[in-house]
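What follows is a single structure, written as structure tokens, with notes after it.
Sequence lines set the chain letters: A, B, ... in the order given, protein chains first and strands last, and positions in each chain run from 1.
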Protein chains: 2
Amino acid sequence: MADGSSRIKIPRPGEPVQGSQTGQPIMVLFDLIGRRWAMGILWNLADQNRTFRDLQARCGSASPTVLNTRLKELRAAGLVEKTATGYGLTNDGRKLFKVLEPLGNWAMDWAKRL
Amino acid sequence: MADGSSRIKIPRPGEPVQGSQTGQPIMVLFDLIGRRWAMGILWNLADQNRTFRDLQARCGSASPTVLNTRLKELRAAGLVEKTATGYGLTNDGRKLFKVLEPLGNWAMDWAKRL
DNA sequence: ATAGATCGCTACTCTTTTCGTAGCAAGCGG
DNA sequence: CCGCTTGCTACGAAAAGAGTAGCGATCTAT
């Protein structure tokens, strides 16, 4: 994000992530969606648009403060947008969700093992 | 996590996540890997085992306190284990990483657009 | 039109999480 | 034995989040 560096480093596994070498896409992404409720929000917007209050109810213990902060961040990142019918995913957001979606099944299998 | 509830609800997109209905696998997972550095740690352990200090260096600004906390959590979750050659992913951890891996490519495309 | 409910969101205080640094016990090399 | 790295804990400061209250705008029913 405008860090001035000419090249974006390839963020393969094993490459340093977050911190020392900032600006790597995977780092930026982890920093964005690795915050409280961020993934929960994406998950809840996946199937349909939601109002602020609805989203709040679905993210039970999320205070309106954080919820609004996350929504701002996700909107700034171009993943979420505000529409006439509430908040919804952008095309980018939908693409990201597609990548995230298998986590649902993985989590279920994992929970059985736990 | 031992919430005593008899049934684990199906965590499809659109279902309430985190909070009101606790105990859903996807919620537990989001709560676990949606904390600072958690995904960064998994990412850095993906290709090889790492020592504590090495991991710390790769997660630049992560303090040893948080790093150790995350490692404990991830170990308790059965995703990370401590070996003779440092920390590494368990089989479960590797499976999770496989699901997470496409995020790397997605993040690169996304960064170009940003 | 008007009273009431609901909406998106901000303000504010209190608690939890994370940061950042210092440092200790244990292992290893020379 | 001495210096060096390693895993990890302690602790105070800063940042993030929770929880509650409530304001102006809109929607709903009468």
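Atom CZ in Arg35(A) sits roughly 10 Å away from atom C1' in dA15(D) (whole-Å rounding). Note: CG (Asp54(A)) to P (dT6(C)) measures 14 Å, nearest angstrom. Atom CZ in Phe52(A) sits roughly 18 Å away from atom P in dC27(D) (whole-Å rounding). The separation between Asp31(A) atom CG and dT18(C) atom P is 12 Å, rounded to whole Å. Atom CG in Leu55(A) sits roughly 11 Å away from atom P in dC9(C) (whole-Å rounding). For the pair Arg50(A) CZ and dC7(C) P, the computed distance is 14 Å after rounding to whole Å. Rounding to whole angstrom units, CG of residue Leu67(A) and C1' of dG19(D) are separated by 14 Å.
We find the CG-CG distance between Leu74(A) and Leu45(A) to be 8.5 Å, quoted to the nearest 0.5 Å. To the nearest 0.5 Å, atoms NZ (Lys95(A)) and CG (Leu79(A)) are separated by 11.0 Å. Taking CZ of Arg94(A) as the reference point, atom CG of Leu42(A) lies at 11.5 Å (rounded to 0.5 Å). If you take CZ on Arg50(B) and CZ on Arg58(B), they are separated by 3.5 Å, rounding to the nearest 0.5 Å.
Residue contacts shown for Thr65(B) include a base, since a base heavy atom lies under 4.0 Å away.
Side-chain nitrogen and oxygen atoms of Arg36(B) include none within less than 4.0 Å of the OP1 or OP2 phosphate oxygen of dA15(D). A close approach under 4.0 Å does not occur between any side-chain nitrogen or oxygen of Trp37(B) and OP1 or OP2 of dT18(C). Contact check, Lys82(B) against dC8(D): a side-chain N or O comes under 4.0 Å of OP1 or OP2. Contact check, Tyr87(A) against dC9(C): a side-chain N or O comes under 4.0 Å of OP1 or OP2. Residue Asn68(A) has no polar side-chain atom (N or O) positioned under 4.0 Å from OP1 or OP2 of dG8(C).
Ring planes of Trp43(A) and Phe97(A): perpendicular class, angle over 60° (limits at 30 and 60°).
With distances taken from any side-chain atom of Ser63(B) to the nucleotides dC19(C), dT20(D), dG7(D), the minimum falls on dC19(C). Closest approach to the Thr51(A) side chain among dG7(D), dC8(D), dC7(C) is made by dC7(C) (side chain taken as heavy atoms from C-beta onward).
Of the residues near DNA chain C, Arg53(B) and Leu71(A), the one whose nearest nucleotide (by heavy atom distance) lies more toward the 5' end is Leu71(A).
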